Amino acid sequence: MASNDVNPELTMAHNYALYTRRNIFLTGKAGTGKTTFLRRLQQETRKRMIIVAPTGVAAINAGGMTIHSFFQLAPGLFLPGGQMVAGREGSNRFSFSKQKINILKSLDLLVIDEVSMVRADLLDAIDDVLRRYQRRDRPFGGVQLLLIGDLQQLAPVTTDDEWAVLQKFYATPYFFSSTALQQTDFVCIELKTVYRQQDQQFVALLNAVRDGQVTPTLLQILNSRYMPQFQPSEGEDWITLTTHNFQAAQINSRHLAALPTEAVTFTANVKGDFPEMSYPTDAQLTLKAGAQVMFCKNDPSPGKFFYNGRIGRIEKIEGQKVVVLCRRQEAEDYDRIEVGPLEWTNSRYVTDPATGVISEEVTGSFTQMPLRTAWAITIHKSQGLTFDRAIINAGRAFSHGQVYVALSRCRTLQGLVLSTPIPPDIITTDPEVIRFNTFASEHQPTRQTLITDRRAFIEDMLCSIFDFSQLSMLTRYYVRLCSEHMPYFPAYVRQVQAASTALDAQLMAVGIKFQGQIHQLMPLADTYSANTLLRERVHAAMSYYCKTTANVLGELMDAEVPEIDNARSRELVERQFQDIKTAYDEKMNIFIACANEFSPDAFWDAKAKASMTEEVKPRKKTERKRRGDERETERNGKETGRNGKDAGRTRTSKRAPKAEVDYSAIHNPTLYHLLLDWRKAVAAERHMPPAYVMSLKTIIGIANMQPRTIDELMSIPGIGDKTASEHGPDLLEIVAAHPR
């Protein structure tokens, strides 16, 4: 494929994906280099990017995951408002892992390959998930979308019953009718240079089929390839493309059975998580010498002797080796290729704990001969492949793009044979697709719009750096939580309130003014590098905000969050503090990374690193209930055995009057933390929450009163006969070691 330098559309797509935040629909005819473009983008972008696709095979080919798997969406319809139909109610609400949450919270670029097969409601389901973990006020949470596909190829699957429900909400089932996508100003880029076919007459014919504008003359040219009695010559590798699986299976089985050679069956080695629907070939693969086969994987060796879709004929089978003869293109000789089992992997996205970079972690593998019998294949499975010789049986085409997909797999018109004539009525094009494609072709970006969008990209990025509204909102809510759930820690609450007030005055208010300066200075030059005055202001601002942010929030971020016994309250407070800490770390990482010079790459790297935080996991209700049951059982057991184990302990014969304890502050912090450590140790030994050992209020009372005798200990609220008998000696020993 030609380089981007001589392909203006590929260059435009490359620049938009790397240097803007605009959502992109990248389309183009079959063979225009969409897959190659995606491979290059993966290597070059510094954005946190993931790739998803609507089917398992498409996901494996694209090097990503299926949409439903990554976003943990249940099968069924997704209607606006988050309602699930034809599935469990609320079944699209899954508990994501810490790794997945980190990715969702910091994702910059979402690539959806083969988007022509994605339904509008599925795209809105993705929007729903991303809004939950990023910006709720922006479509897709503010994450940039790169949608790759050709609407004239395979369409989304929608049954009549499903469309009866969906049509109340969507104009069409196609992705472009997504409510969320229509709220974005996405850009359309069409790749126009065809690399698969060189014959311009054939290219013109394919374009006419694609657009549903086949004239009688063109149809006559196409049907001139109808040869009902065609039989391939010996040694010629022709493959039949059919509309249905059963047709392909029948053809392959018939030809394989007709061979007189011995059948050999290879059993795949499947490890871990590798869904059967994603198998690239048969798990039980039966082959014979003389069988026509197709490679279903690119050659990983330096020689690159075969590629996904190359057809050949088996010369011989020796143990775990198969020798395949493949005719060279436009030549009379053959390549003799020896191949053994190869591995495919199924992966999930994870983040590097140190850098926050998203990478793929292998979760399963499928090892098998990279071959499949290839007298026939379905049109659906042929998508993305290229054939030199193909027999097309498209008389039963059931979707508007099937005929085009089948024809466009061929390199030349001469390498194409029709087993059934193509009637004009099955070369159909959905009028909605034509309308959208017309819209897309009329809204192609220009060099000037790219300059404007790149400038807006930098402007938006800079403003986000000096925007403290989210940090302010998180901190103000934290003040409220602390005031409500920390009655025994007034000093900490005052510290949080002071930090919140200083943040609003010294960071947010000043940041709003500086964003105004950015807006004023941005138009002074086409690029940030040429905008000397803006660069000087940004450089000075990075230094100022780095110091001020540390002064305002640094001590609070380093302070220990006080203990809270109530599990629900503790969960709320700790989760909110972690959200503040993540936002604070992101700001500080960016300020430090861009201290010398701001750049988008430094911004992406710092943002990714800040995403690597510990996720606070809520305690499940069932676990709390179980702990409570254990506590009750233990309590009953101790009450029963009081005359035994506890009989030898010194007990006061008269209940001590309860003392008035000052809970306004912790007067002995060192003793308080020693008592907390004791409580945690006892809780760990007994496998119960610390609050079930002793309440926080009682711990504070002991720390402030510092009792020296059992009577003094029992005067503290929360200490009764049982607690004094069981823990009194240990508590008094801890207190005695700490001077008053």
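Note that the structure is a prediction, hence the values are computed from the model and not measured.
Using a 4.5 Å heavy-atom cutoff, the side chains of Ile67 and Ile112 are in contact. A heavy-atom distance below 4.5 Å is found between the side chains of Phe37 and Leu146. Inter-residue side-chain proximity for Arg455 and Tyr19 is flagged as unmet; no heavy-atom pair is nearer than 4.5 Å. Considering only heavy atoms from C-beta on, Thr32 comes within 4.5 Å of Lys34 through its side chain. Between Ile24 and Leu145, every side-chain heavy-atom pair lies at or beyond the 4.5 Å cut-off. Looking at heavy atoms from C-beta onward, Ser483 lies in side-chain contact with Val479 at the 4.5 angstrom threshold. Looking at heavy atoms from C-beta onward, Leu191 lies out of side-chain contact with Met12 at the 4.5 angstrom threshold. Annotation: side chain of Val115 is not in contact with side chain of Ile148 (no heavy-atom distance under 4.5 Å).
Rounding to the nearest 0.5 Å gives a distance of 6.0 Å between CG of Leu38 and CE of Met49. In this structure, OH in Tyr492 is found 9.5 Å from CD in Glu560, a value given to the nearest 0.5 Å. To the nearest 0.5 Å, atoms CZ (Phe603) and CE (Met461) are separated by 5.0 Å. Between atom OG1 of residue Thr527 and atom CG of residue Leu534 there is a gap of 10.5 Å, rounded to the nearest 0.5 Å. If you take NE2 on His68 and CD1 on Ile126, they are separated by 8.5 Å, rounding to the nearest 0.5 Å. Atom CD1 of Ile518 and atom CG of Asn531 lie 11.0 Å apart (nearest 0.5 Å).
With sequence neighbours excluded, no residue satisfies ring-ring contact (aromatic ring centres under 6.0 Å, His included) with His519. Every residue was checked against the salt bridge (charged side-chain N to carboxylate O under 4.0 Å, His left out) condition with Arg454, not counting sequence neighbours, and none meets it. Remark: Phe25 pairs with Phe175, Phe436 by the ring-ring contact (aromatic ring centres under 6.0 Å, His included) rule, at least two apart or across chains. Partners of Asn207 under the side chain to side chain contact (heavy atoms under 4.5 Å, CB included) rule, at least two apart in sequence or in another chain, are Lys29, Val203. Residues meeting the side chain to side chain contact (heavy atoms under 4.5 Å, CB included) test with Arg46, sequence neighbours left out: Asp601, Trp604, Asp605. Considering only residues two or more places apart in sequence or on other chains, Tyr170 meets the ring-ring contact (aromatic ring centres under 6.0 Å, His included) condition with none of them. Applying the ring-ring contact (aromatic ring centres under 6.0 Å, His included) rule to Tyr16 yields no partners; only residues at least two apart in sequence or on another chain are considered. Partners of Gln448 according to the side chain to side chain contact (heavy atoms under 4.5 Å, CB included) rule, which considers only residues two or more places apart in sequence or in another chain, are Thr446, Ile451, Thr452.
What you find for Ala583 and Leu474 is that their closest heavy atoms are CB-CD1, 4.1 Å. For the pair Phe71 and Val129, the tightest heavy-atom approach, listed with the atom from each and the gap, is CD2-CG1, 3.8 Å. Closest of all the heavy-atom pairs between Leu572 and Leu481 is O-CD1, 3.8 Å. The shortest non-hydrogen separation linking Ser116 to Leu151 is CB-CA, 4.0 Å. Pairing each heavy atom of Arg131 with each of Gly141, the nearest pair is CG-N, 3.8 Å. Closest heavy-atom contact between Asp579 and Lys105: OD1-NZ, 3.7 Å.
Under the 3.5 Å distance criterion, the side-chain polar atoms of Gln444 are matched with a main-chain donor or acceptor of Glu190. The backbone N or O of Asn102 sits less than 3.5 Å from a side-chain atom of Ser106, completing a donor-acceptor pair. When atom types are taken as modelled, the side chain of Gln183 and the backbone of Pro139 share no donor-acceptor pair closer than 3.5 angstrom. With Asp121 contributing its side chain and Phe78 its backbone, the two residues share a donor-acceptor pair below 3.5 Å. One N or O on the side chain of Asp127 and one on the backbone of Phe140 form a donor-acceptor pair closer than 3.5 Å. Listed for the Asn7 side chain is no donor-acceptor partner under 3.5 Å among the backbone atoms of Thr193. With Arg348 contributing its side chain and Thr363 its backbone, the two residues share no donor-acceptor pair below 3.5 Å. Here the side chain of Lys587 pairs a donor or acceptor atom with the backbone of Asp467 at under 3.5 angstrom. Here the side chain of Gln134 pairs a donor or acceptor atom with the backbone of Leu104 at under 3.5 angstrom. In this structure, the side chain of Thr27 engages the main chain of Gly149 through a donor-acceptor pair within 3.5 Å.
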Exercise answer: donor-acceptor pairs, residues 591-599 side-chain atoms, under 3.5 Å, sequence neighbours excluded:
from: Glu597; atom 1: OE1; to: Arg535; atom 2: NH2; distance (Å): 3.3
from: Glu597; atom 1: OE2; to: Arg535; atom 2: NE; distance (Å): 3.2
from: Ser599; atom 1: OG; to: Ala602; atom 2: N; distance (Å): 3.1

Identify every side-chain donor-acceptor pair in residues 548-555 under 3.5 Å, counting partners at least two apart or on other chains, and give the distances.
from: Thr548; atom 1: OG1; to: Tyr544; atom 2: O; distance (Å): 2.8
from: Thr549; atom 1: OG1; to: Tyr545; atom 2: O; distance (Å): 2.6
from: Asn551; atom 1: ND2; to: Lys547; atom 2: O; distance (Å): 3.2

Distance-only check: which donor-acceptor pairs under 3.5 Å involve side-chain atoms of residues 500-513, not counting sequence neighbours?
from: Thr501; atom 1: OG1; to: Gln497; atom 2: O; distance (Å): 3.0
from: Asp504; atom 1: OD1; to: Ser472; atom 2: OG; distance (Å): 2.5

Verdict with reasoning, Ser347 to Glu361, per side-chain contact (heavy atoms from CB on, under 4.5 Å)
CA-CA 5 Å; Ser347 302; Glu361 177 182 84; 6.0 Å; no
What do the steps show when you test Leu166 against Leu77 for side-chain contact (heavy atoms from CB on, under 4.5 Å), and what is the final call?
CA-CA 8 Å; Leu166 289 174; Leu77 306 184; 4.1 Å; yes
Go through the steps to decide whether Leu556 and Val496 satisfy the test side-chain contact (heavy atoms from CB on, under 4.5 Å), and finish with yes or no.
CA-CA 7 Å; Leu556 179 62; Val496 176; 3.7 Å; yes
Stepwise, does the side-chain contact (heavy atoms from CB on, under 4.5 Å) test hold for Phe169 with Asp124?
CA-CA 11 Å; Phe169 304 93; Asp124 280 342; over 6 Å; no
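The pair Asp585-Lys581 meets the salt-bridge criterion, with a side-chain N (NZ, NE, NH1 or NH2) lying under 4.0 Å from an Asp/Glu carboxylate O.
The neighbour count for Gln470 CD, taken as heavy atoms of other residues, nucleotides or ligands under 6.0 Å away, does not exceed 12.
Pairs passing the side chain to side chain donor-acceptor pair (under 3.5 Å) check and including a residue from residues 434-443, sequence neighbours excluded, read Glu432-Arg435.
Remark: the Arg22 side chain and the Gln144 side chain contain no N/O donor-acceptor pair separated by less than 3.5 Å.
In this structure, Lys100 forms a cation-pi arrangement with Phe70, its terminal cationic atom sitting closer than 6.0 Å to the ring centre and no more than 45° off the ring axis.
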